[in-house]
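As structure tokens, the structure follows; a few thoughts come after it.
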Amino acid sequence: MIIDVHTHPIFYKDICEDSEQLKFRKEQFGIYKQSPYSIESVKIEMDYMNVDKSVLLPEDLTTQSGGCIVTNEEIAKLVSLEPDRFIGFASVDPYRKDAVDVLDYAFKELGLKGLKLHPSKQRFYPYDKLLKPIYEKCLEYDKPIMFHAGMTWQPDAPAKYSHPLHFEEVAMAYPGLRMCLAHFGWPWIHETVMLLLKYPNVYTDTSLLHMDNAKDFYEQVFTRNMGPLWIERNLKYQVMFGTNSPRFRAKRLLPALKGLNFRPSTLENILSGNAERFIGGSEQKW
């Protein structure tokens, strides 16, 4: 099985009926030339690369930008259309006065399986006391958090908020909270590795922002920035496969990942096993 833990369904045709909303998504996400496409085409691409499931991520920018890139309700709609292929996460703007109620509804009524937060785009530091009720709500429902970490291509999103070191106090304060620092926290690779070594509740994913091609970039990060056996010996239970689609696609990232010559058991963990533990927790009921 292959699970892509990091996809943004901003161009899925079933939630693209409103042209103004689509324009808002393009401007906020920073992709301007793509057009809506059908879920059937998404499934064809997934099947071509043997991707069994994709985690769909929304983004609530209510107080910062006046709307959502994708809403929780839209994620729930997409999951209802393809429940065997899509896993839905929620999002909430931490500055909303009703943030806890929004999250409670997303978990209890919409059945969403985790939370996506973007410190740079939503303009908060992860250790801010503002986040305490949100973290506690995730613990109450045993839901993980997918954090953006490191650089982002999205406009109006200062990287300072998403430096990996800002997540350490959260990992310390909430050892039972599963949290993913997406994109390996690039360019702060070593800081991300340090957190993975210290905190077993911290995960990361492979949706790195490659500047040339995925093969060369993965080789640089995983064999030169990091030692070639770091993942094999120390991190094999904390790295998950993710693409950051539609910005990057599995057809480029999967071959690059498989070309790193991980042991079969390590590659299996990266492609699915770690995602199952991250999303499902100890019971893995998802």
Side-chain angles (χ1 to χ4, degrees), residues 5-6 55 57 60 89-96 99-100 103-104 106-107 113-152 157-208 221 225-227 230-231 233-240 242 269-270 273-284:
V5 299
H6 200 125
V55 175
L57 304 174
D60 184 348
F89 271 36
S91 180
V92 67
D93 185 331
Y95 292 101
R96 290 179 61 154
V100 174
L103 195 54
D104 191 75
F107 290 156
K113 303 302 183 183
L115 174 64
K116 165 65 189 302
L117 293 173
H118 196 317
S120 292
K121 192 67 178 175
Q122 295 173 313
R123 298 292 185 101
F124 69 86
Y125 286 106
Y127 53 73
D128 194 302
K129 63 181 181 181
L130 177 75
L131 278 295
K132 186 174 185 291
I134 292 175
Y135 297 151
E136 290 175 349
K137 183 59 66 174
C138 288
L139 285 170
E140 177 186 340
Y141 283 93
D142 190 28
K143 303 297 186 184
I145 301 179
M146 171 71 69
F147 284 107
H148 174 87
M151 175 190 167
T152 176
K160 66 178 182 178
Y161 294 104
S162 296
H163 192 293
L165 292 181
H166 295 322
F167 296 95
E168 183 167 21
E169 291 182 42
V170 182
M172 292 173 62
Y174 303 98
L177 178 63
R178 301 183 303 281
M179 47 190 284
C180 175
L181 307 187
H183 316 297
F184 237 103
W186 189 89
W188 297 292
I189 298 294
H190 289 171
E191 288 85 346
T192 302
V193 169
M194 179 271 291
L195 293 174
L196 295 171
L197 290 172
K198 289 183 68 175
Y199 305 103
N201 58 318
V202 177
Y203 294 70
T204 190
D205 70 33
T206 63
S207 62
L208 284 93
V221 169
N225 294 129
M226 297 164 54
W230 284 16
I231 289 181
R233 291 176 175 171
N234 301 287
L235 309 175
K236 63 181 178 180
Y237 298 115
Q238 291 163 281
V239 179
M240 303 182 289
N269 279 330
I270 294 172
N274 295 337
E276 291 175 341
R277 287 184 284 272
F278 174 71
I279 300 168
S282 58
E283 297 185 0
Q284 297 188 27

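The structure presented is a predicted model; accordingly, all values stated were derived computationally and were not measured.
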Quick check for you: to the nearest 0.5 Å, what is the distance between [X] atom [atom1] and [Y] atom [atom2]?
| X | Y | atom1 | atom2 | answer |
| --- | --- | --- | --- | --- |
| W186 | S207 | CH2 | OG | 12.5 Å |
| H190 | L195 | NE2 | CG | 13.0 Å |
| Q122 | D60 | CD | CG | 6.5 Å |
| F184 | N225 | CZ | CG | 10.5 Å |
| Y203 | R277 | OH | CZ | 6.5 Å |
| M146 | L115 | CE | CG | 10.5 Å |

Check whether any side-chain N or O of [X] sits under 3.5 Å from a backbone N or O of [Y] as a donor-acceptor pair, and report yes or no.
| X | Y | result |
| --- | --- | --- |
| T204 | L181 | yes |
| D205 | A182 | no |
| N269 | N274 | no |
| E140 | D104 | no |
| Y237 | P200 | no |
| N201 | Y174 | yes |

For L235 and L197, run side-chain contact (heavy atoms from CB on, under 4.5 Å): C-alpha distance rounded to whole Å, both residues' side-chain angles, the deciding distance at 0.1 Å, then the answer.
-> CA-CA 7 Å; L235 309 175; L197 290 172; 3.8 Å; yes
Of all the heavy-atom pairs spanning [X] and [Y], show the shortest one and how long it is.
| X | Y | answer |
| --- | --- | --- |
| Y95 | R123 | OH-O, 2.5 Å |
| A171 | V202 | CB-CG2, 3.7 Å |
| W188 | P164 | CE3-CD, 3.5 Å |
| D142 | G280 | OD2-O, 4.3 Å |

Side-chain heavy-atom pair [X], [Y] within 4.5 angstrom cut-off:
| X | Y | value |
| --- | --- | --- |
| C180 | V5 | no |
| T192 | H183 | no |
| L103 | P133 | no |
| L165 | M194 | yes |
| P126 | Y135 | yes |
| L196 | I231 | no |
| I145 | F89 | no |

Taking only residues two or more places apart in sequence, or in another chain, which ones meet S162 in a side chain to side chain donor-acceptor pair (under 3.5 Å)?
-> S120
Using 30° and 60° as the class limits, which term best fits the ring planes of Y125 and Y161: parallel, tilted or perpendicular?
-> tilted
Can you say whether the rings of H166 and Y127 are parallel (under 30°), tilted (30 to 60°) or perpendicular (over 60°)?
-> perpendicular
Tell me, which pairs form a salt bridge (Lys or Arg N to Asp or Glu O under 4.0 Å) where one or both residues lie in residues 157-172, sequence neighbours left out?
-> E168-K198
Could you walk me through whether L117 and L131 pass the side-chain contact (heavy atoms from CB on, under 4.5 Å) check?
-> CA-CA 10 Å; L117 293 173; L131 278 295; 4.0 Å; yes
Test H118 against T152 for side-chain contact (heavy atoms from CB on, under 4.5 Å), laying out the working first.
-> CA-CA 9 Å; H118 196 317; T152 176; 3.5 Å; yes
